[in-house]
Every structure is written in C-alpha cells, then in structure tokens.
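Data first, discussion second: the structure below is written as structure tokens.
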Amino acid sequence: MVYGMYAAPDQATADVQIIQLEKDIQIARSQNKPLPPGFYAHLGYLYSQQGKYDLARSAFETEKKIFPESAVLMDRFISRL
Amino acid sequence: MKKIVLPIVGLILLAVLSGCVAPMDYTALRNRRPRSILVPPPLNDSTEPLATYSWLSTVTAPLAEQGYYVFPVAVVDRFFKENGLPSSYEMHQAPLNKIDEIFGADAVLYTRVKQYGTKYMLINSTTVVEVDAKLVDVKTGTTLWEGHTLNQMSSGDSGGGVIGMLVSAAVTQIINTSTDQAHQLCPQANAELLCTQNRGLLFGPYHPQYQSEQIP
C-alpha cells in the first residue's frame with residue numbers, strides 16, 4: 001500500500017488508505033493478532049490530513065501506548081494538531 | 001628477487017581479502033541493543049526512480065518480524081520533506097543529534113539500492129535487486145551492523161528446451177513491464193538482508209527470542 005502511494009498516488013488517496021487500514025484493524029481484532037509498528041502512526045497521519053484531528057490524536061496515542069519507543073515522535077505530532 | 005616478491009605480496013593480499021568474509025561481528029550491536037529503528041528512503045544508484053519507494057515499502061515487515069520498533073516509513077519520509085529535506089540524499093546527511101531530538105530513534109538504517117530492475121537478454125531476462133545497508137547508533141554514531149544483498153530472478157529458470165525458453169522470456173518480459181517484477185523481489189531481498197541468521201540483525205525487543213539467540 002505504501003508502494004502504491006508513490007507508484008500510483010491517484011489510486012492511493014488518504015480515503016482509500018484509511019478504508020484499507022480500518023479494515024486491517026477489524027481483521028487483526030477478529031484474529032486476535034497484533035498490528036505492526038507504525039500502523040496507528042500512519043493512520044493518525046492520514047486522519048490529520050483529512051482534518052479529523054480527534055481521530056488523529058487517538059491514533060497517535062494508541063501507537064504510543066502499544067510502542068513506547070514512538071513517544072517522542074507521537075508527542076511531536078500530537079502537539080502539532 | 002622482484003619476481004619472487006610480487007607473487008608473495010599477491011598471496012598475502014589474497015589472504016587478507018578473503019579474511020574479510022569472516023563471520024559477522026555482533027559486539028557493537030549486542031552492547032547497544034537498539035529498540036527502535038528509523039529508516040530514511042534509500043539512496044538510489046539504479047536507473048529506476050521507483051526503486052527508492054519500492055524498497056522502502058518492503059523494509060518495515062522484516063524489521064518488525066525481527067522484533068524492532070520501526071518508525072512509519074511513509075510518514076517519516078513526508079516529515080523530512082516538510083522540514084526542508086527533499087531527497088534521500090539530504091535525509092542521509094541529517095545530523096544524528098537532530099534525529100535523536102525529533103524522532104527519539106535508537107538507530108538509523110541507511111540503505112543504498114545499487115541495482116534494481118530487469119535486464120533483457122536474447123532469450124532471457126534477469127531481475128536484479130542489490131542493496132547495501134548500515135545500521136548506525138544515533139547517540140554515538142557507531143556502526144552497529146552492516147549488510148549487503150544481491151537477489152536475482154531469471155525468466156529462464158522454468159527451462160523446457162529452446163522453444164520453451166523463448167516463449168517464457170517473451171511472456172515474462174510482458175509480465176515484468178506490467179507488474180514490476182523487481183518490486184516483487186524486494187520482500188525476499190529485504191528478508192535475506194535483515195533476517196538471515198549469522199548475517200542479519202539480532203532479534204529486537206518484540207521478538208520472543210530477544211537476548212537469548214545464539215551469537216557466533
């Protein structure tokens with residue numbers, strides 16, 4: 001999907017990506033599998049691009065909770081919302 | 001006298017060079033044990049502009065499988081660009097103390113795509129992905145690990161006589177251009193580079209065998 005953002009940006013808009021990522025959350029929940037590092041950070045970034053700042057904030061918080069290593073960057077993103 | 005010395009010097013040189021293929025030294029990596037890795041887009045020596053992001057988009061999965069926290073590559077790339085570093089060349093020049101301050105990353109994986117794409121020959125085509133990689137400690141600038149991978153896939157591998165080969169080459173050339181075969185080779189190349197035992201990275205903190213793996 002990330003490759004698609006660059007190889008065919010018109011087909012990988014924020015909307016399309018968000019739908020895909022939200023679907024992945026459902027799949028991960030139903031199979032009780034963890035999501036990869038950076039997943040919620042990427043989702044939060046997409047939300048912020050769409051002006052959905054509350055959703056963005058909560059996605060960045062989730063990333064930070066699951067992966068404390070991301071705290072410095074997530075706090076930076078949150079402070080910019 | 002000179003005639004004797006030269007071959008001896010040559011032999012010594014050969015011995016020194018072959019010594020370079022010694023097993024990976026994991027001392028620095030084992031002492032530092034980074035938890036998080038930042039991956040800026042690779043430098044691209046190939047003639048294919050898409051190589052940069054083709055490679056970048058497949059680097060997260062093996063690093064995460066290996067147990068590391070990987071900063072979201074596309075977001076990091078955008079963040080760099082928004083802050084005045086338009087290309088991977090500038091990103092690779094970014095001072096480590098800034099990377100520490102802004103991202104809080106433990107280590108940076110610098111990569112260089114040396115070859116990427118499909119070479120067409122008479123009755124065959126070969127897809128090649130070659131990459132150099134270096135993991136650097138953000139706090140000290142020390143190199144923790146270095147790796148290299150060269151992955152090739154040949155359209156002639158299916159065999160089947162000369163006529164069979166011709167057809168196969170023609171078919172794969174068409175497939176190559178439409179589906180970007182080199183991109184499909186990237187996950188395999190990345191996994192080999194980063195996850196091969198005794199050559200790849202040690203396991204990170206999210207791997208069940210963290211700190212308990214066998215180190216040569």
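The structure presented is a predicted model; accordingly, all values stated were derived computationally and were not measured. Because only heavy atoms are used, hydrogens play no part in the values below, and waters and symmetry mates are left out as well, while side chains stay in.
Every residue two or more places apart in sequence or in another chain that forms a ring pair (Phe, Tyr, Trp, His ring centres under 6.0 Å) with A:Phe60 is listed here: A:Phe77. In this view, B:His207 and B:Phe203 satisfy the ring pair (Phe, Tyr, Trp, His ring centres under 6.0 Å) rule, not counting sequence neighbours. By the side chain to side chain donor-acceptor pair (under 3.5 Å) test, B:Thr27 is found to be paired with B:Asp25, residues two or more places apart in sequence or in another chain being considered.
Using a 4.5 Å cut-off between heavy atoms, A:Ile66 contacts chain B through its backbone alone, with no side-chain atom that close.
Taking B:Leu63, B:Val70, B:Asp106, B:Ile102 one by one and counting their heavy-atom pairs under 4.5 Å with chain A, the maximum is reached by B:Ile102.
For B:Glu65, the CD atom is loosely surrounded, since the number of other residues' heavy atoms within 6.0 Å does not exceed 12. By the neighbour-count criterion of 12 heavy atoms within 6.0 Å, atom CG of B:Asn31 is densely surrounded, having more than that number from other residues, nucleotides or ligands.
Distance CD/B:Glu101 to CZ/A:Arg76: 6.0 Å, rounded to 0.5 Å.
Closest of all the heavy-atom pairs between B:Pro72 and A:Ala41 is CG-CB, 3.5 Å.
Listed by sequence position, the residues of residues 24-31 of chain A in contact with chain B number zero, using a 4.5 angstrom heavy-atom cutoff.
For the pairing with A:Glu69, the side chain to side chain donor-acceptor pair (under 3.5 Å) check across B:Tyr206, B:Tyr69, B:Tyr68 returns one residue only, B:Tyr206.
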